Enquirer: 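Before I ask anything, let me first share the structure, which is written out below as structure tokens.
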Amino acid sequence: MNEFGTLLQPDKGQAAIALHLVDTGRREAWLNAQPARARHAASAQGFEGKPNQIAILPGDRDHWSAALGVADAGMLGPWDLAKAAESLPEGKYRIEGAAPGAAALGWLLGQYRYDRYKAPKDGKGPRVLLTPEPARIDEAVALADATALVRDLVNTPAGDLGPAELEAAARQVADGTGAIVTVTSGAGLEEGYPMIAAVGRAATEARAPRLIELEWGDQRAPRVAIVGKGVCFDSGGLDIKPSSGMRLMKKDMGGAAHALALAQLVMRFNLPVRLHLLIPAVENAVSGAAFRPGDVLRSRKGLSVEIGNTDAEGRLILGDALAKAAEAAPELILNFATLTGAARVALGPDLPALFANDDKLAAALLDGGTGTGDPVWRMPLWGEYDEMFASDIADFANASDGGFAGAVTAALFLRKFVPEGTPWAHFDTFAWRASSRPGRPKGGDALGLRAAWSALSARYVR
Ligand code: BES
Ligand code: MN
Ligand code: ZN
């Protein structure tokens, strides 16, 4: 459990260790202004003011301070302080002559650990940062909490996080907010959400599939639907994945984790919206009851879908969830999913693919990503590719035969369940970081969350 709330505190002139922010452009001038012993210490530690370099500088008596290299000392990005927060010893710190700004987030997340199964190696106490901008503490802490929620959920192995545990996580987020959580499973799921039931059928006995819904906020406020893919484990189903492709599939509920974290932010900041969160939660497993290639499913919306590949399961469960969201006529729908390997082939692990049927919404999300250091990249809803997943016997299939434009065809499949004219955006995100960066350890991660939050909070101003 990460307690970010105590790691940023208002600066009231408490005793604290000074942090000097230095970039390569300002290094010379900064060095010249330092006492000789600090200059020598910096050079002995090879300090050049490059990003993420840290030098400990001796002061009077038992005092010391630290120099931190950053890209641009005049304009901090979210991760500029993360390495320092990771490396420095327990204590209170203050940036000399500057506020942390956006970098407060990285200060917090530099202290994130996933410690459910083993104690952290360093076992260090808290590194507290004093800030002259107390009004900005809340948002930094909320964003760190939301990011940690995504990371914790994604990092938790499928054995300990099935549909039931995902439901419990949603209930925990709802707790104390006045939100109403509704869960549909069993006969109600078979009846109302045939595609969610079909994907979850092989695991029904042990890990019953369900649709988790959360509603919150003033009924008269504009309705916003947030939908997240909650495949707690994706074996591929009968079209089973090879072991290499299956290894990371505990993270296939990453979209649900993003959706839940975004909902948490919406509620925490009391956005003037009527929130509708929908998480179809299943395990895509193998058993005699499994849905099969060639099966035809009748969807909630009434469209028939031929199964070309049981491993294209995310779009099926999302189709029914999007259809349900649409029934309440929201003015905006946001969807998050670890939907395709093809999006990763196209954009790599760091950039979520953004699909949107509305240019204004897309622009707001792209801007939100740029402004918060959480970039996303737009890809086209190229309608002509609808023909790639045509079916001989059903309205369409869930997968195409060729391997072209896999992220696009998956998004086009989702679009079939979104009402025309309703602004909708879909994030095809990796929800995972394959190698560590400051403040972003290897493992589950939120990618696209701040982009979405930034756009949402700008659109719905209190
Ligand atoms: N969950 C996977 C997509 C995925 C794989 C995301 C690896 C991130 C990393 C999804 O359910 C899937 O298996 N998609 C298939 C679709 C194909 C069968 C049409 C894919 O992308 O290969
Ligand atoms: Mn799959
Ligand atoms: Zn999947």
Side-chain angles (χ1 to χ4, degrees), residues 150 154 158 161-163 166 195-196 198-203 207 209 227-259 279-286 290-295 305-319 321 335-353 355 379 385-386 388-391 396-414 426-434 443-445 447-448:
V150 174
V154 172
L161 191 114
L166 201 49
M195 297 203 292
I196 302 175
V199 173
R201 187 161 301 129
R207 331 261 294 169
V227 186
K229 170 178 171 181
V231 176
C232 294
F233 189 75
D234 183 9
S235 71
L238 291 175
D239 286 307
I240 196 163
K241 288 180 182 293
S243 18
S244 58
M246 204 187 298
R247 177 63 182 87
L248 275 183
M249 282 300 127
K250 69 171 182 181
K251 77 174 178 71
D252 213 19
M253 32 53 66
H258 281 70
I279 296 177
V282 302
E283 178 159 330
N284 189 18
V286 178
F291 75 126
R292 313 159 188 83
D295 279 355
V305 178
E306 184 182 9
I307 302 306
N309 192 318
T310 62
D311 199 9
E313 84 296 340
R315 64 197 74 182
L316 298 171
I317 65 170
L318 288 169
N335 176 72
F336 297 85
T338 51
L339 200 61
T340 67
R344 308 300 38 110
V345 173
L347 298 175
D350 292 354
L351 275 181
F355 294 88
M379 288 178 62
Y385 292 167
D386 267 355
M388 288 190 184
F389 54 100
S391 160
F396 44 87
N398 76 328
S400 54
D401 297 330
F404 286 143
V408 178
T409 52
L412 288 172
F413 183 97
L414 297 184
H426 153 56
F427 292 79
D428 193 339
T429 183
F430 197 38
W432 191 261
R433 198 164 281 288
D445 204 2
L447 294 164

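Not measured: the values here are computed from a predicted model. What you see below is based on every heavy atom in this structure, not just the backbone, and it leaves out hydrogens, waters and symmetry mates. In each ligand, atom 1 is the first atom listed, and ligand 1 is the first ligand listed.
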Enquirer: Does the residue Leu339 have a heavy-atom contact with ligand 1, meaning some pair of atoms that are separated by less than 4.0 Å?
Expert: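 In this structure, Leu339 qualifies as a contact of ligand 1 - some heavy atom is under 4.0 Å.
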Enquirer: Please state which protein non-hydrogen atom is closest to atom 7 (C) of ligand 1 and give its distance, to 0.1 Å?
Expert: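 Of the protein heavy atoms, Met249 CE, 3.4 Å lies nearest.
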Enquirer: Report yes or no: does Arg315 have a heavy atom closer than 4.0 Å to ligand 1?
Expert: yes
Enquirer: What N/O/S atom of Glu313 is the closest to the Mn ion (ligand 2)?
Expert: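 Of all N, O or S atoms belonging to Glu313, OE1 is the one nearest the Mn ion (ligand 2).
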Enquirer: Identify, for atom 2 (C) of ligand 1, the protein heavy atom at the shortest distance, and state residue, atom and that distance.
Expert: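 Ranking protein heavy atoms by distance from atom 2 (C) of ligand 1, first comes Asp234 OD2, 3.6 Å.
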Enquirer: Using modelled atom types only, decide if a donor and an acceptor are shared between the side chain of Ser235 and the backbone of Ile240 within a distance under 3.5 Å.
Expert: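 No.
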Enquirer: With heavy atoms only and a cut-off of under 4.0 Å, state how Asp311 meets ligand 1: side chain, backbone, both or neither.
Expert: both
Enquirer: Polar-atom distance check: Gly341 versus ligand 1, any N or O pair below 3.5 Å?
Expert: yes
Enquirer: If I consider every N, O or S atom in Asp234, which one ends up closest to the Zn ion (ligand 3)? I only need its name.
Expert: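 Going through the N, O and S atoms of Asp234 one by one, OD2 ends up nearest to the Zn ion (ligand 3).
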Enquirer: Looking only at N/O atoms, are Asn309 and ligand 1 under 3.5 Å apart anywhere?
Expert: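 It does not: no N or O of Asn309 is found under 3.5 Å from an N or O of ligand 1.
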Enquirer: Where is the nearest protein heavy atom to atom 8 (C) of ligand 1: which residue, which atom, and how far?
Expert: Lys251 NZ, 3.3 Å
Enquirer: Between Lys251 (side chain) and Phe430 (backbone), is there a donor-acceptor pair under 3.5 Å?
Expert: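 Pair found, side chain donor or acceptor close to backbone of Phe430.
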Enquirer: Consider every N or O of Arg344 and every N or O of ligand 1, then say whether any pair is closer than 3.5 Å.
Expert: no
Enquirer: Would one find an N, O or S atom of Leu339, in either backbone or side chain, under 2.8 Å from the Zn ion (ligand 3)?
Expert: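 Under 2.8 Å: Leu339 has no N, O or S contact with the Zn ion (ligand 3).
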Enquirer: What protein heavy atom sits nearest atom 1 (N) of ligand 1, and how far off is it?
Expert: Asp252 OD1, 2.8 Å
Enquirer: Looking only at N, O or S atoms, which one in Asp252 sits nearest to the Zn ion (ligand 3)?
Expert: OD2
Enquirer: Could you say whether the N/O atoms of Glu313 and ligand 1 ever approach to under 3.5 Å?
Expert: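 Yes: some nitrogen or oxygen of Glu313 is under 3.5 Å from one in ligand 1.
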Enquirer: Does Asp311 put an N, O or S atom under 2.8 Å from the Zn ion (ligand 3)?
Expert: no
Enquirer: Taking just the N, O or S atoms of Glu313, which one is nearest to the Zn ion (ligand 3)?
Expert: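 Answer by atom name: OE2.
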Enquirer: Flag Asp252 as yes if one of its N/O/S atoms falls below 2.8 Å of the Mn ion (ligand 2), otherwise no.
Expert: no
Enquirer: Can you classify the ring geometry of Phe413 versus Phe389 as parallel (below 30°), tilted (30 to 60°) or perpendicular (above 60°)?
Expert: tilted
